[in-house]
Amino acid sequence: MIKALKKAVLPVAGLGTRFLPATKSLAKEMLPVVDKPLIQYAVEEARAAGIEQFCLITGRGKTALVEHFDIAYELERTLQERNKEAEIAMLRAVAVPPGAIMTVRQQVPHGLGHAIWCARAFIGDEPFAVMLPDDLVLSDTPCLKQLADVYYETGGNVLAVTEVPREHSHRYGILKIGSDDGRMVEVTGLVEKPKPADAPSNLSIIGRYVLLPQVLEHLARMERGAGGEVQLTDGMARMIGNTPFHGLRYEGRRFDCGDKLGFLEAQIAFALKRPDMAEPVRAFLRHYAELE
Ligand code: G1P
């Protein structure tokens with residue numbers, strides 16, 4: 001029997017060093033794209049995929065993330081006094097039902113695999129999604145919903161994958177693939193951040209996963225991989241052959257918002273999707289393009 005996918009784990013303990021000084025006292029997941037923080041995009045995408053329970057893997061200085069999904073009584077009251085009904089409705093939509101978010105501290109930065117292992121009590125014996133909020137996906141169907149559909153078809157692990165230039169393979173988890181129907185690929189191997197010459201394909205993992213809880217048994221061994229860290233990719237690789245494992249070339253465009261250029265591009269792409277902003281944004285883009 002295929003168990004329902006109701007849980008998501010969001011690792012948010014990273015220091016955001018690529019975004020200093022902005023991230024000196026601000027969690028990088030609170031950086032806004034247009035007017036919404038990255039973490040909110042991830043939570044909304046998850047809820048659209050049927051996720052009901054969230055576990056944030058946090059660290060020091062990340063309390064704003066939890067505050068963001070709470071009810072802000074004082075703010076709502078002030079808005080009410082000013083008859084700002086639309087803003088109140090917007091805030092209400094951000095809050096999640098009571099008890100839907102819990103946090104776990106990672107305490108020590110031992111890698112993504114270690115971060116996920118920290119959520120083991122939350123995950124229990126159920127399938128779960130992993131979402132890296134730095135990876136923002138602009139798509140018609142929310143990216144995690146696309147993965148969830150494949151999970152319900154196959155009952156196994158599913159990764160969101162995309163082609164990358166071979167010289168970028170050292171930035172990603174890379175797939176070794178078996179059968180490939182152009183949309184879904186069978187995963188026969190996984191390597192974390194290989195050198196271009198060692199990359200088994202040019203298909204990379206992006207920050208959306210649906211995983212079976214068995215991965216925890218492998219992560220629990222705390223074997224160190226690339227960069228001396230406990231890698232989620234290595235834990236996943238150990239499940240290959242025992243459970244169905246697929247990569248999905250998702251529909252949509254992914255922006256690496258942990259990177260300055262990727263973040264800037266996301267601002268523009270998301271603003272151009274907003275009816276109230278598209279026209280003026282196009283106008284100023286033309287203006288700056290002509291200045292070249
Ligand atoms: C992590 C994963 C990697 C994946 C990437 C996607 O790497 O370890 O396999 O391809 O996220 O963004 P990180 O970006 O944390 O170094």
Side-chain angles (χ1 to χ4, degrees), residues 8-19 23 27-29 31 33 38-39 41-42 45 56-59 106 108-119 129-138 143-144 147 157-177 185 187 189-196 198-211 215 218-219 222-240 245-250 252-263 265-266:
V9 177
L10 287 79
V12 293
L15 296 176
T17 43
R18 287 192 288 171
F19 254 107
T23 47
K28 69 171 170 173
E29 298 79 10
L31 293 172
V33 168
L38 288 170
I39 189 73
Y41 283 99
E45 182 185 326
L56 305 186
I57 315 297
T58 66
Q106 190 186 6
V108 282
H110 287 169
L112 181 58
H114 177 262
I116 301 303
W117 175 81
C118 289
V130 173
M131 306 178 80
L132 310 184
D134 277 6
D135 277 336
L136 190 55
V137 185
L138 185 58
C143 185
L144 191 63
L147 294 193
N157 305 285
V158 194
L159 309 176
V161 299
T162 191
E163 260 95 18
V164 290
R166 205 163 258 274
E167 61 270 24
H168 291 173
S169 64
H170 64 287
R171 298 185 193 164
Y172 301 102
I174 302 288
L175 275 66
K176 185 171 177 217
I177 59 179
V185 300
V187 180
L190 289 166
V191 193
E192 180 67 10
K193 302 195 171 80
K195 291 194 196 101
D198 303 331
S201 78
N202 63 348
L203 266 189
S204 77
I205 306 170
I206 71 144
R208 299 288 183 278
Y209 314 65
V210 175
L211 298 176
V215 72
H218 304 297
L219 295 175
M222 295 295 148
E223 282 165 3
R224 302 285 171 148
E229 296 188 337
V230 180
Q231 295 292 351
L232 178 60
T233 301
D234 298 340
M236 295 192 302
R238 296 209 176 245
M239 288 194 286
I240 297 168
F245 215 133
H246 294 89
L248 174 72
R249 291 189 185 86
Y250 57 94
R253 197 179 155 83
R254 169 245 188 197
F255 301 92
D256 176 6
C257 291
D259 173 75
K260 292 181 190 65
L261 265 184
F263 184 64
E265 195 181 343

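Ligands are counted one by one from 1 in listed order, and the atoms in each one are counted from 1 as well. What you see below is based on every heavy atom in this structure, not just the backbone, and it leaves out hydrogens, waters and symmetry mates. Heads up: numbering here begins at 1 and tracks the sequence. Small disclaimer: the values here were computed from a predicted structure and weren't measured.
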Task: Side-chain heavy atoms of Leu175 within contact of Leu190, under 4.5 Å - done: yes
Task: Heavy-atom side-chain proximity of Asn202 to Pro165 below 4.5 angstrom - done: no
Task: Which segment of Asp256 sits under 4.0 Å of ligand 1 when only heavy atoms are counted - done: neither
Open item on the list: When you compare ligand 1 with Ile205, is there at least one nitrogen or oxygen pair between them that comes in under 3.5 angstrom?
Closed with: yes
TODO: Measure from the side-chain N and O atoms of Tyr172 to the backbone N and O of Val164, and report whether any donor-acceptor pair falls under 3.5 Å.
DONE: no
Open item on the list: As an exercise, identify every atom of ligand 1 less than 4.0 angstrom from a heavy atom of Thr233.
Closed with: 9 (O)
- [ ] Applying salt bridge (charged side-chain N to carboxylate O under 4.0 Å, His left out), name anything that partners Arg18, two or more places apart in sequence or on another chain.
- [x] Asp256
Open item on the list: For Ala199, is there any backbone N or O sitting under 3.5 Å from a side-chain donor or acceptor partner on Arg166?
Closed with: yes
- [ ] Scan the protein's non-hydrogen atoms and note whether one is under 4.0 Å from atom 11 (O) of ligand 1.
- [x] yes
Task: Other residues, nucleotides, ligands: >12 heavy atoms within 6.0 Å of Lys193 NZ - done: yes
Open item on the list: So, using salt bridge (charged side-chain N to carboxylate O under 4.0 Å, His left out) as the criterion, who are the partners of Glu167 when residues are at least two apart?
Closed with: none
Task: Side-chain (Ser204) to main-chain (Thr162) donor-acceptor, under 3.5 angstrom - done: yes
Task: Ligand-residue contact atoms, ligand 1 with Arg254, heavy atoms, under 4.0 Å - done: 12 (O)
TODO: Would you check whether Glu229 reaches within less than 4.0 Å of ligand 1, judged by its heavy atoms?
DONE: no
- [ ] Please check if a non-hydrogen protein atom sits closer than 4.0 Å to atom 14 (O) of ligand 1.
- [x] no
Task: Which of the ligand 1 atoms, numbered from 1, are nearer than 4.0 Å to a heavy atom of Lys193 - done: 7 (O), 8 (O), 13 (P), 16 (O)
Task: Leu112 N/O to ligand 1 N/O under 3.5 Å - done: no
Open item on the list: Return the closest protein heavy atom for atom 8 (O) of ligand 1 as residue, atom name and distance.
Closed with: Glu192 OE2, 2.7 Å
Task: Backbone or side-chain N or O of Arg171 under 3.5 Å from ligand 1 N or O - done: no
- [ ] Considering the heavy atoms of Asp135, write down every atom of ligand 1 situated less than 4.0 Å from one of them.
- [x] 6 (C), 12 (O)
